[in-house]
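This report refers to the structure that appears directly beneath it.
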Amino acid sequence: MKILVCISHVPDTTSKINFTENDTKFDTNGVQFVINPYDEFCLTRAMWFKEKQGATVTIVNVGGAETEPTLRKALAIGADNAIRVNVNPTDGLQVAKELAAVVKNGGYDLVLAGKESADYNGQMVPGMLASLTDFNFINGCVGIEVDGRSVSATREIDGGNETLSSNLPLVIGGQKGVVEEKDLRIPNMRGIMMARKKPLQVIEGVGATAATSVQSFEKPAPKGAVKLVDADNVDELISLLHNEAKVI
Amino acid sequence: MSVLVFAESSEGKFKKTAFEVVSYGKKVAEQLGTNVVALTINANDSSELYTYGAEKVVTVSNDALNTFNAKQYAAIVTEVAKAQSATVVVVDSSIDGLYLAPLVAVDLEAGCVSNVVAAPSSTSPFTVKRKTFSNKTFSNTVISTDHKVIGVAKNSYGVHENPVAGSTEAFEPAIAASGVTSEKVERVTGKVTIADADIVVSAGRGLKGPENWGMIEELADVLGAASACSKPVSDLGWRPHSEHVGQTGKPVAANLYIAIGISGAIQHLAGINASKVKVVINTDPEAPFFKAADYGIVGDAFEVVPKLIEKLKAFKAS
């Protein structure tokens with residue numbers, strides 16, 4: 001089985017988000033970048049397939065040279081090789097079109113991608129990629145098993161889960177549950193050393209264009225101070241929620 | 001030209017978000033000087049949507065569509081959008097809405113923006129405000145394609161009545177081959193889900209153990225709320241991870257979010273930022289959550305919560 005795992009290079013989840021150039025550019029100063037957490041679940045699941053069932057695992061990112069440390073980290077976790085599409089994308093459709101070209105050229109059976117990236121949260125790339133490649137698609141996946149060409153997957157729905165069946169080729173939009181957080185792989189020294197020698201191929205994009213662009217960023221308006229209520233006076237809290245906030 | 005809204009329903013009944021997206025679609029249609037058309041699939045009474053401004057409702061009734069299938073639903077939305085000459089398609093940002101939107105966008109060669117929180121600030125260029133960086137910021141985003149797909153964030157635009165004398169038109173689509181088959185649907189019945197809830201009661205490690213969750217569930221019951229938890233609690237296995245609220249868990253856009261024994265890590269706050277009113281109950285007055293909260297009680301959950309349950313019961317009964 002040939003697996004492609006899409007890796008987004010995103011600010012660490014604890015990052016403070018700031019902007020420059022009159023609030024038109026994301027300020028990367030002092031920001032630590034990591035593998036998108038949703039992609040990390042998918043990568044670990046791909047490692048599991050590789051070890052238990054036999055698979056080759058390629059990782060791919062659409063981005064500039066600054067994303068290579070993130071790809072090396074994914075290689076250190078155990079991916080076999082990496083592709084960087086040398087494009088600085090500005091929206092999900094552009095990313096999906098560039099990824100679709102990689103998928104079509106690579107003959108992959110299973111494409112795993114986090115259901116969204118932790119920066120722009122668009123939740124569109126896996127679905128668009130599936131449509132553009134005409135692969136089957138399961139989103140919000142919390143479990144996946146592959147038997148030959150048959151796949152059984154579970155996705156989260158409102159208030160429960162749905163089990164689905166499909167054949168390969170398939171695109172999965174994954175999240176926590178594809179593997180549990182405690183099972184995520186941390187690169188060890190051997191993995192880090194090996195990752196340095198693994199192939200990281202840089203390819204030029206196919207010239208996909210974006211359909212959307214960010215004109216400006218905004219932060220939420222500053223919030224007023226918390227109104228503290230005495231622990232012995234929960235009646236006051238109920239009154240505030242009823243009369244002032246009007247939420248009960 | 002028109003604006004097409006997909007109004008989601010479940011077991012024949014509209015979700016609350018259906019009324020919000022129709023309200024939103026009506027506003028966009030007004031801005032563009034056109035009409036709003038709503039699409040329903042297996043909804044019992046589609047005329048409800050006239051109340052929120054849908055001049056026309058296209059209804060699809062087919063038992064083969066009782067279970068949501070993204071590819072089949074996307075094909076129907078696309079076909080109706082083309083038939084109605086819709087340049088803007090509006091969906092909600094539910095699990096199914098977010099599954100559907102990118103497929104429709106590719107079919108219509110449309111730019112797609114999800115988690116949108118306000119009506120377009122301009123229609124030329126078409127500019128919408130959406131949540132980004134895990135609810136820490138907003139991005140004013142221009143959609144440059146002729147067709148546009150917009151996913152509206154829950155509880156962001158609101159439900160606005162705008163009654164019109166609408167008409168209904170039945171549509172019988174061909175059901176597309178999907179490649180993905182639903183084998184089993186398992187829902188927790190009788191409980192309010194986090195996605196649907198207007199009020200969410202959430203608890204963290206301050207509860208000390210899973211055996212103490214009874215009072216959290218009782219508080220949620222009294223308020224008609226969903227119960228939820230912080231990430232450490234789901235990691236410890238005290239609660240299922242379907243209840244984990246936060247950046248990599250479930251986002252919450254409730255009217256009221258009550259956090260009990262949760263200190264307020266940045267990833268948790270990112271997941272609940274979109275909630276309107278936040279209440280924090282915590283023993284530690286320095287807990288970061290107090291900075292994000294509207295109301296707070298510095299106190300022991302084991303003393304405060306039982307009192308709150310008792311007083312709320314009396315309040316509800318009065």
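Labels below follow one simple rule: chain letters A, B, ... track the order of the sequence lines, proteins then strands, and each chain is numbered from 1. Heavy atoms only: backbone and side chains are in, while hydrogens, waters and symmetry mates are out.
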Chain A heavy atoms under 4.5 Å from [X]: which part of the residue, side chain, backbone, both or neither?
| X | answer |
| --- | --- |
| B:Thr67 | side chain |
| B:Leu223 | side chain |
| B:Phe133 | both |
| B:Lys250 | side chain |
| B:Ala110 | backbone |
| B:Val149 | neither |
| B:Val298 | both |
| B:Ala293 | both |

Could you tell me whether A:Lys2 sits above the aromatic face of A:Tyr108, with NZ or CZ closer than 6.0 angstrom to the six-membered ring centre and within 45 degrees of the axis?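 Yes, A:Lys2 sits over the ring of A:Tyr108.
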Looking at B:Phe138, I'd like to know if the NZ or CZ of B:Lys129 sits under 6.0 Å from its six-membered ring centre while staying within 45 degrees of the ring's axis.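 Yes - B:Lys129 lies over the ring of B:Phe138, closer than 6.0 Å to its centre and within 45° of its axis.
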Taking [options] one by one, which has the highest count of heavy-atom pairs under 4.5 Å against chain A?
| options | value |
| --- | --- |
| B:Ile199, B:Ile266, B:Thr193 | B:Ile266 |
| B:Val104, B:Leu103, B:Asn255, B:Asp107 | B:Leu103 |
| B:Gly299, B:Gly296, B:Ala314 | B:Gly296 |
| B:Thr141, B:Val142, B:Leu312, B:Val304 | B:Val142 |
| B:Val280, B:Leu100, B:Val106 | B:Val106 |
| B:Lys71, B:Glu109, B:Lys231 | B:Lys231 |

Assess the side chains of [X] and [Y]: does a donor N or O sit below 3.5 Å from an acceptor N or O?
| X | Y | result |
| --- | --- | --- |
| A:Ser8 | A:Asn36 | no |
| B:Ser121 | B:Thr127 | no |
| B:Asp96 | B:Ser94 | no |
| B:Ser134 | B:Gln247 | yes |
| B:His241 | B:Ser234 | no |

With distance as the sole test, does [X] use its side chain to make a donor-acceptor pair with the main-chain N or O of [Y] at under 3.5 Å?
| X | Y | result |
| --- | --- | --- |
| A:Glu98 | A:Val62 | no |
| B:Glu310 | B:Pro306 | no |
| B:Ser178 | B:Val180 | yes |

Quick one: are the ring centres of B:Phe68 and B:Tyr73 less than 6.0 Å apart?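 Ring centroids of B:Phe68 and B:Tyr73 are less than 6.0 Å from each other.
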Kindly give the heavy-atom pair with the smallest separation between B:Ala225 and B:Val201, and that separation in Å.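 Distance-wise, the nearest heavy atoms are CB-CG2, 3.9 Å.
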B:Thr132 versus B:Ser139, closest heavy-atom pair with distance: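 Of all heavy-atom pairs spanning B:Thr132 and B:Ser139, the closest is OG1-OG, 2.7 Å.
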Pick one of side chain, backbone, both or neither for [X], based on which atoms fall under 4.5 Å of a heavy atom in chain B.
| X | result |
| --- | --- |
| A:Ala153 | neither |
| A:Lys176 | both |
| A:Phe217 | both |

Taking the side chain as every heavy atom from C-beta outward, state whether A:Glu116 and A:Gln175 have any pair of such atoms under 4.5 Å apart.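 A side-chain contact under 4.5 Å is absent here.
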Sub-4.5 Å side-chain heavy-atom contact between A:Ile3 and A:Asp109: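 Side chain of A:Ile3 against side chain of A:Asp109, heavy atoms only: no contact under 4.5 Å found.
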By number, which residues in [range] have some heavy atom less than 4.5 Å away from chain B?
| range | answer |
| --- | --- |
| residues 232-248 of chain A | A:Asp232, A:Val234, A:Asp235, A:Leu237, A:Ile238, A:Leu240, A:Leu241, A:His242, A:Glu244, A:Ala245, A:Val247, A:Ile248 |
| residues 121-141 of chain A | A:Asn121, A:Gly122, A:Gln123, A:Met124, A:Gly127, A:Met128, A:Ser131, A:Leu132, A:Asp134, A:Asn136, A:Phe137, A:Ile138, A:Asn139 |
| residues 160-171 of chain A | A:Gly160, A:Asn161, A:Glu162, A:Thr163, A:Leu164, A:Ser165, A:Ser166, A:Asn167 |

Count the heavy atoms of every other residue, nucleotide or ligand shown that sit under 6.0 Å from NZ of B:Lys136, and state whether that count exceeds 12.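 Atom NZ in B:Lys136 is packed in, count exceeds 12.
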Might you confirm whether atom NZ of B:Lys291 has over 12 heavy atoms from other residues, nucleotides or ligands at distances under 6.0 Å?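 No, not enclosed.
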Top contributor to chain B interface from A:Ser15, A:Ala210, A:Pro11 [non-hydrogen pairs under 4.5 Å]: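 With the most close heavy-atom pairs to chain B, the winner is A:Ser15.
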Quick check for you: among A:Asp91, A:Leu93, A:Thr14, which has the greatest number of heavy-atom pairs under 4.5 Å with chain B?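 The option with the most such pairs is A:Thr14.
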Step by step, work out the salt bridge (charged side-chain N to carboxylate O under 4.0 Å, His left out) result for B:Glu243 and B:Lys191. CA-CA 12 Å; B:Glu243 288 193 8; B:Lys191 279 189 80 175; 3.6 Å; yes
In sequence, state the C-alpha distance, the side-chain angles, and the governing distance for B:Glu303 and B:Asp300, and then conclude on side chain to side chain contact (heavy atoms under 4.5 Å, CB included). CA-CA 5 Å; B:Glu303 289 168 19; B:Asp300 184 346; 4.1 Å; yes
Does anything in residues 16-26 of chain A pair up under side-chain hydrogen bond (donor to acceptor under 3.5 Å, both in side chains), and if so which pairs, sequence neighbours excluded?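 Output for this query lists A:Asn18-A:Lys219.
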